[in-house]
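Shown next, in structure tokens, is the structure this report addresses.
Quick note: residue numbers are just sequence positions, from 1.
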Amino acid sequence: MTYSRDEMETILCFDYLDQKWYVWTNVQTHITKFKKQGWIMTSAEYDGDRIVAARFEAPKRFITIGNVARKKRDGNAASLKG
């Protein structure tokens, strides 16, 4: 079974008691990134040999939530002097 574009999603859930992130995704680029970044794949759906959806888990430290509006650093040499 494959998913259409309007069915593709990634769902993240944080369990406070376990202090872990749980993810379900059927977005191929997200599956690849979670695997490369060391998330533990706990289950997968297959279409033949191809993974079409997967569940992952990771410790709390794998995701940090920060301020969206960050001041960008000016890259010129004058701004780098203290």
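- Here the closest heavy-atom approach between residue Y22 and residue E57 is recorded as CE2-OE1, 3.5 Å.
- A distance-only check finds a donor-acceptor pair linking the side chain of N26 to the backbone of E9 [under 3.5 Å].
- M8 CE to H30 NE2: the interatomic distance, rounded to the nearest 0.5 Å, is 10.5 Å.
- Contact between A53 and Y3 at its shortest, heavy atoms only, is CB-CE1, 4.1 Å.
- Cluster membership for W39 and W24, using ILVMFWY side-chain heavy atoms within less than 4.5 angstrom, is not shared.
- The heavy-atom pair separating T2 from D47 by the smallest distance is CG2-OD2, 3.2 Å.
- In this structure, the side chain of Q28 engages the main chain of I51 through a donor-acceptor pair within 3.5 Å.
- Taken from NZ in K36 to NZ in K33, the straight-line distance is 9.5 Å, to the nearest 0.5 Å.
- With rounding to the nearest 0.5 Å, the separation of CD in E45 from CZ in R50 is 11.5 Å.
- Residues F34 and V23 approach most closely at CE1-CG1, 3.5 Å, considering heavy atoms.
- F56 and W21 fall within the same hydrophobic cluster, defined by Ile, Leu, Val, Met, Phe, Trp and Tyr side-chain heavy atoms under 4.5 Å apart, directly or through other members.
- Between atom SG of residue C13 and atom NZ of residue K20 there is a gap of 13.0 Å, rounded to the nearest 0.5 Å.
- Distance check, rounded to the nearest 0.5 Å: CD1 of I40 to CZ of R55 gives 15.5 Å.
- Using a 4.5 Å cut-off between side-chain heavy atoms of Ile, Leu, Val, Met, Phe, Trp and Tyr, with links allowed through other members, I11 and F62 fall into different hydrophobic clusters.
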